[in-house]
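What follows is a set of notes on a single structure, which appears directly below.
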Amino acid sequence: LTGCASGTPAAEETTAGTIAVDEAAAALLPAEFKDGISVASDIPYAPMELFDENDNPTGFDYDLSQAIGAKLGVKLTFNDQDWDGIIPSLQSGTHDIIMSGMNDTKERQEVLDFVDYFSAGFAVVVPAGNPEMIKSFADLCGKTVAIQTATAQIDLVNAVNPSCSKKIAVLEFPTDGDAQNAIRAGKASAGVNDGQVAAYTAQTAGEGKYFEVVVPTDAPEGYTSVLTGIGVLKKNADLTKAIQAAVQSLIDDGTYASLLDKWNLSAFAVAEATINGTK
Amino acid sequence: MANKQSNDDVVAVPLRHPWRWVSAVILVAILGLFVYSLWASPNINHEIVSKYLFNEKVIAAAGLTVSLTVISMLIGTILAIILAIMRLSSNPVLKLVSIGYIGFFRGTPLLLQVVFWGYLGIIYPTIDIGIPFTDMIWWSEKTSLVFTSLVAGIIALSLNEAAYSAEIVRAGILSVDSGQAEAAKSLGMGSGYTLRRIVLPQAMRVIIPPMGNEFISMLKNTSLLQVVAVMELYARTSQISSQNLAQVELLVVAGFWYLVMTTVLSFPQSYLEKKYGRGFSVATQKSRWLRIGMKGNV
Amino acid sequence: MANKQSNDDVVAVPLRHPWRWVSAVILVAILGLFVYSLWASPNINHEIVSKYLFNEKVIAAAGLTVSLTVISMLIGTILAIILAIMRLSSNPVLKLVSIGYIGFFRGTPLLLQVVFWGYLGIIYPTIDIGIPFTDMIWWSEKTSLVFTSLVAGIIALSLNEAAYSAEIVRAGILSVDSGQAEAAKSLGMGSGYTLRRIVLPQAMRVIIPPMGNEFISMLKNTSLLQVVAVMELYARTSQISSQNLAQVELLVVAGFWYLVMTTVLSFPQSYLEKKYGRGFSVATQKSRWLRIGMKGNV
Amino acid sequence: MVDARAIRKSFGSNEVLKGITLQVEQGQVLCLLGPSGSGKSTFLRCINHLETINGGRLYVDGELMGFREKSDAIYEMKPGAIAKQRSEIGMVFQRFNLFPHLTALENVIEAPVGVKGISKTDAVIKAKELLASVGLSDKINHYPSQLSGGQQQRVAIARALAMEPKLMLFDEPTSALDPELVGDVLDVMRKLALSGMTMIVVTHEIGFAREVADRVVFMDDGIVVEDGTPSQVIDKPKNERTKAFINSVL
Amino acid sequence: MVDARAIRKSFGSNEVLKGITLQVEQGQVLCLLGPSGSGKSTFLRCINHLETINGGRLYVDGELMGFREKSDAIYEMKPGAIAKQRSEIGMVFQRFNLFPHLTALENVIEAPVGVKGISKTDAVIKAKELLASVGLSDKINHYPSQLSGGQQQRVAIARALAMEPKLMLFDEPTSALDPELVGDVLDVMRKLALSGMTMIVVTHEIGFAREVADRVVFMDDGIVVEDGTPSQVIDKPKNERTKAFINSVL
Ligand SMILES: Nc1ncnc2c1ncn2[C@@H]1O[C@H](COP(=O)(O)OP(=O)(O)OP(=O)(O)O)[C@@H](O)[C@H]1O
Ligand SMILES: Nc1ncnc2c1ncn2[C@@H]1O[C@H](COP(=O)(O)OP(=O)(O)OP(=O)(O)O)[C@@H](O)[C@H]1O
Ligand SMILES: [Mg+2]
Ligand SMILES: [Mg+2]
């Protein structure tokens with residue numbers, strides 16, 4: 001298979017070398033996955049997954065995957081997989097699980113089971129200097145907002161809209177990059193993003209000159225955070241349980257917290273690894 | 001058979017084509033097996049397919065796809081004819097412009113062109129009409145208001161299509177015997193008239209099939225407009241699928257509609273082929289020399 | 001001029017074309033302004049463009065794109081010729097198969113086809129060779145191992161291309177005067193020979209320009225293979241851009257390479273056009289009737 | 001009507017016309033004889049400016065073909081003006097060049113309607129008359145591909161005549177015709193001649209030339225070898241080359 | 001050599017051949033005369049099975065053309081077998097149909113090399129001889145578009161002869177030829193006749209028919225009207241229709 005190679009041994013050492021196998025979790029792992037689990041990830045989606053200079057995958061999801069592998073005593077290979085083919089790649093047996101910063105939503109639970117390991121609030125991205133003075137979600141009323149298609153952000157907009165005298169107009173784009181272009185081209189006043197992605201965007205785009213992040217003052221309850229999970233096909237329920245046990249074990253022994261810390265994501269920690277935590 | 005013939009008609013026993021029938025049976029069997037196995041696959045959820053097949057948003061998106069295609073093809077074809085004439089003209093300026101245009105617009109990714117027109121605002125925040133390099137500006141407007149997503153999309157698709165179609169039109173014009181243009185000239189017809197009434201109608205026979213290709217490609221290329229937030233068929237189905245993760249099912253839905261659109265399109269195409277094939281009745285006979293078998297009882 | 005002529009040669013003063021030159025100057029000016037304003041735009045980071053323009057990964061990806069294109073076009077064209085002949089044949093089975101094939105493969109999105117071949121494993125987890133509906137299986141293998149991404153990609157592109165090219169080949173064959181095939185037949189040539197030596201070489205003139213279109217489309221369509229994780233040019237540049245968020249700059253890089261590839265391609269194309277235009281010397285004269293101006297001093 | 005002065009024309013290095021000087025009077029019917037490859041078709045095409053001449057001057061009805069003369073220089077002409085000149089010269093091609101996508105009738109009315117602006121009804125009436133005069137009343141709705149060689153040739157004649165030209169150029173107008181039709185075409189030409197039409201007819205049929213021509217010109221290898229009345233050129237040729245050619249007639 | 005029995009052929013409702021019965025002996029040269037549209041070309045094309053006949057039986061050299069006879073039924077023939085039959089019959093088309101993408105020489109050698117499998121060197125030698133015999137030695141590397149009408153016609157003759165057929169069908173082989181070339185072609189035909197070649201020649205040139213033919217057949221409206229030696233048919237025609245036709249010759 002082409003695509004991206006699995007992590008180098010060196011990388012494994014730094015992230016997972018010191019982690020001991022959790023026998024209880026490993027016992028849950030179905031036999032068919034004993035010789036390795038293949039992870040599909042639409043790289044890059046910084047800082048969750050990205051490539052280092054040598055084109056090896058890295059990022060929080062990557063590190064977490066290696067830690068899970070260590071807990072389960074199997075090798076997790078981390079593969080780049082285009083979003084459009086990500087479900088077929090599981091169904092066809094090319095890959096086994098998805099770790100791609102995928103939001104856990106009710107609708108998606110029809111197809112996948114999620115082991116939740118991350119909880120992020122939304123942030124608003126505006127052009128540098130905030131020319132339209134957007135301070136809160138309410139300030140978006142009457143403005144055009146760019147979001148990536150089919151993300152949970154649309155629910156947020158729908159929640160804010162009833163309180164607007166002039167509705168928020170939404171432009172949906174296939175990738176977050178297109179949404180950023182739309183903001184730069186003046187087609188949209190702001191973008192709504194997962195907090196960690198918004199921060200990365202403001203930091204990286206145009207070397208930090210294009211955008212800034214606004215943390216809304218009026219974030220409505222219920223939309224402040226959305227769970228992100230590891231996706232597993234419904235038919236592999238045992239695998240889900242094993243992964244949940246492994247993640248829980250990582251949370252318990254503090255590895256999880258140190259990984260979050262490494263990627264500056266401590267604000268988005270979950271207390272426990274739930275399955276299909278979004279209700 | 002022969003003893004029944006009432007006069008001396010040639011009632012020949014047609015060449016037997018056992019393989020023809022064997023192959024037909026095998027093909028139908030394979031196709032059947034294939035469709036059956038596709039349908040029986042547990043990984044395709046028939047409920048989701050049928051739920052979204054006639055979803056009104058999907059149908060609306062298909063309608064948008066068709067409109068975008070028709071409009072862009074129309075503008076593109078007109079430009080294409082102009083470009084083809086320019087390319088065949090002896091005027092070196094026109095010729096070079098045409099070659100350059102075709103080279104550039106075929107040469108760069110359509111996506112880049114869509115992004116360019118869609119996000120012109122990134123490069124030119126306002127559109128000013130005035131005298132360059134001076135402060136004289138008579139009219140100025142925000143680019144994003146002039147080039148709305150739809151306008152930008154249609155411009156990008158049309159300009160791109162023109163480059164491809166120009167080559168097809170050129171090939172068509174080259175296929176017409178030069179004696180035709182000479183005869184037209186000798187009757188005092190000007191070049192424009194000759195082109196319109198004599199050359200293009202004959203070129204159509206050769207132009208239509210590859211233009212059918214272009215039309216179909218265009219139907220699908222409209223999907224690139226999703227990067228400027230135009231919700232045509234593909235953007236709509238992939239939006240739905242990334243919500244419910246039924247990616248294969250929604251591809252099947254999109255595939256169904258594309259198939260419907262191209263099948264419907266094939267009727268005007270074969271009508272046009274017939275129309276412009278008139279007088280080339282030989283064209284229909286032409287298949288004869290390719291006959292792998294021959295008709296019986298002629 | 002005329003008083004200098006040594007004999008009675010027709011030394012005519014060429015038709016003056018003031019507009020030709022005015023238009024040339026205006027065009028060059030517009031182009032210059034445009035390129036300048038693009039370059040001067042503060043929103044394009046030249047450093048990033050030049051950093052990635054000759055990045056070795058980008059170049060390797062461009063190489064992969066070219067290989068995929070050439071291989072798929074080759075397979076596709078061979079299939080296309082077969083399909084075109086089938087479609088023009090009088091054998092109803094072959095004809096229907098060809099029409100069905102063309103309709104289906106042009107009609108459904110290439111992406112669907114790529115996904116289908118790439119993830120054949122969804123529908124058929126293993127590939128078994130045996131007798132259908134029985135337990136007889138002689139050979140079995142996991143589908144995802146047989147249809148690797150590259151193999152699946154090439155199959156998808158070739159099969160799809162064949163459908164489009166078949167229509168082009170058909171138009172080309174139709175453009176050849178039926179008298180040619182008759183003459184060939186009268187000399188005892190079989191249909192295959194006639195096709196190969198008489199009809200196709202004449203059809204080439206009409207086939208090549210739209211095939212150039214297909215080739216260029218194919219260069220870009222390879223980008224769909226990214227859904228099955230093939231890292232061709234577009235996948236590579238968009239991967240880079242979604243990491244450093246320099247989308248426009250990396251589109252410019254991709255655009256540059258596509259432009260290079262299509263420009264390089266245009267040389268063999270014009271060589272082939274010349275080659276197959278031989279004998280149709282009229283073809284070059286043909287442009288004459290389209291002359292918008294005429295050459296002087298003839 | 002036609003005044004050709006030392007016309008020269010080359011294809012690459014091959015000089016096909018080596019200085020043809022020829023005056024044709026208004027109303028004259030001139031037959032051009034000559035061996036294959038002697039440049040007869042090329043000369044006709046030059047008159048029509050379908051080929052641009054390399055040397056000499058060619059006037060039709062007093063106008064320089066394809067060029068404008070002014071003081072001491074000549075200028076190329078605009079395409080529109082050339083088309084105007086051509087519309088007054090009818091031509092029947094050796095290979096007919098009918099428009100295959102149009103029926104016989106449509107072939108005939110296309111130029112009168114499109115170029116001269118005659119109403120379609122009038123053009124159709126005129127075209128039917130012309131097609132009848134060449135014996136094709138029953139084939140007016142056939143496409144060229146459905147007509148025999150002789151039928152196509154006659155449609156080509158009707159098409160050229162429909163423009164009511166001042167000058168008609170015929171390139172072997174009887175090559176695909178049987179003797180009876182040759183007679184019919186001869187009648188058509190005689191009528192045309194009576195109406196004052198000037199005609200230049202390339203032909204290989206000496207008998208036809210004798211019947212139709214006021215004047216016969218014999219060309220060989222790009223030059224005019226002999227020029228005179230039919231009885232002079234055909235019956236008492238002076239030049240050896242002409243003699244040999246005429247004598248070879250079966 | 002050719003045995004046509006009550007051949008009938010229709011295009012749609014238009015019956016073009018209404019029962020042609022005609023036997024041509026080995027080595028005979030038969031000239032087919034007849035007005036335009038009488039079905040001469042169609043008949044030649046039927047002999048070659050380029051048109052499939054609607055009625056009658058057609059044998060060439062004892063073989064049924066395009067069909068296989070067996071007990072009481074006839075069967076269509078495989079395309080390969082038909083090609084084999086055709087390769088023994090040469091045809092010169094009314095409109096030449098040269099291959100435009102090949103030079104004169106290549107036109108002539110294509111079939112001998114490709115169909116008969118003769119070596120290219122031999123084929124070229126043979127082709128040069130043939131082209132020389134029709135007076136085209138200096139044009140062998142020209143493309144058809146660079147040849148005059150008469151030159152193209154002669155290439156077409158050479159191309160057909162290069163296959164060394166048993167039977168030659170000529171559709172107005174002299175229509176674009178000047179009298180001298182007609183003489184040359186006549187010489188070629190006489191030589192062929194001496195070598196025992198059977199030929200069917202459609203022509204409008206009565207003089208040519210008289211010179212070349214052993215036998216002349218006059219067709220009108222799809223039937224054979226008169227059949228006999230040249231002197232019988234041309235000089236003393238019995239049928240009124242034939243008389244009118246012959247008398248119309250200039
Ligand atoms: N387009 C061309 N390119 C090169 N040579 C040409 C071209 N057209 C004609 N010729 C040459 O010019 C010469 C004269 O040709 P032209 O057609 O005028 O002869 P012609 O007298 O009409 O002969 P014919 O009686 O056979 O029709 C021929 O030798 C021919 O090969
Ligand atoms: N493909 C066709 N479809 C319909 N009618 C046709 C077709 N080919 C020929 N015909 C008709 O058949 C008749 C005989 O044609 P054919 O070409 O055999 O005549 P011909 O005797 O060779 O005449 P000519 O001397 O003018 O060449 C004509 O009336 C013609 O219109
Ligand atoms: Mg000529
Ligand atoms: Mg005929």
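We name chains A, B, ... by the order of the sequence lines, and we start the count at 1 in each one.
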Relative to chain C, which segment of [X] carries a heavy atom at a distance below 4.5 Å: side chain, backbone, both, or neither?
X       : answer
S223(B) : neither
V115(B) : side chain
V260(B) : neither
Q269(B) : side chain
F116(B) : side chain

For this session: With rounding to the nearest 0.5 Å, note down the distance linking CD in E167(B) to CD1 in I216(C).
Result: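 Answer for the CD-CD1 pair, E167(B) versus I216(C), is 8.0 Å.
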
Exercise. Between CD1 of I102(B) and OG of S266(C), what distance do you get to the nearest 0.5 Å?
Worked result: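 Taking CD1 in I102(B) and OG in S266(C), the distance rounds to 11.0 Å.
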
Exercise. Would a 4.5 Å heavy-atom cut-off, applied to side chains only, mark N213(C) and E214(B) as touching?
Worked result: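 Counting from C-beta outward, N213(C) and E214(B) do come under 4.5 Å.
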
Exercise. Tell me, do R106(C) and T262(B) make a side-chain contact under 4.5 Å, heavy atoms counted?
Worked result: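 A side-chain contact is absent here, since even the closest heavy-atom pair is not under 4.5 Å.
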
Problem set entry | Options P109(B), S217(B), G107(B), ranked by heavy-atom pairs under 4.5 Å with chain C, top entry |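 Of P109(B), S217(B), G107(B), G107(B) has the most heavy-atom pairs under 4.5 Å with chain C.
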
Problem set entry | Smallest separation among heavy atoms of A171(C) and P209(B), with atom names |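 What the structure gives for the nearest pair is CB-CG, 3.8 Å.
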
Exercise. Considering all heavy atoms of both residues, which atom of V206(C) and which atom of S175(B) are nearest to each other, and what is their separation?
Worked result: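 V206(C) and S175(B) have their closest heavy atoms at CG2-CB, 3.4 Å.
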
Exercise. With only heavy atoms counted, which part of E273(C) is less than 4.5 Å from chain B, the side chain, the backbone, both or neither?
Worked result: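 Contact with chain B: side chain only.
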
For this session: Examine whether an atom of L251(C) lies under 4.5 Å from a heavy atom of chain B, and if so say whether it belongs to the side chain, the backbone or both; otherwise answer neither.
Result: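 For L251(C), the contact with chain B is made by backbone and side chain together.
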
Which one, [options], leads in non-hydrogen pairs under 4.5 Å with chain B?
options                            : value
A254(C), A184(C), P92(C)           : P92(C)
I168(C), L27(C), V93(C), I208(C)   : V93(C)
Y258(C), Y234(C), Y164(C)          : Y164(C)
L265(C), L259(C), I207(C), L110(C) : L259(C)

Exercise. Is it the case that more than 12 heavy atoms not belonging to F104(C) sit under 6.0 Å from its CZ atom?
Worked result: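 12 or below, so no.
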
For this session: Spell out, as yes or no, whether a donor-acceptor pair under 3.5 Å connects the side chain of R205(C) to the backbone of L174(B).
Result: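 Answer holds: yes.
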
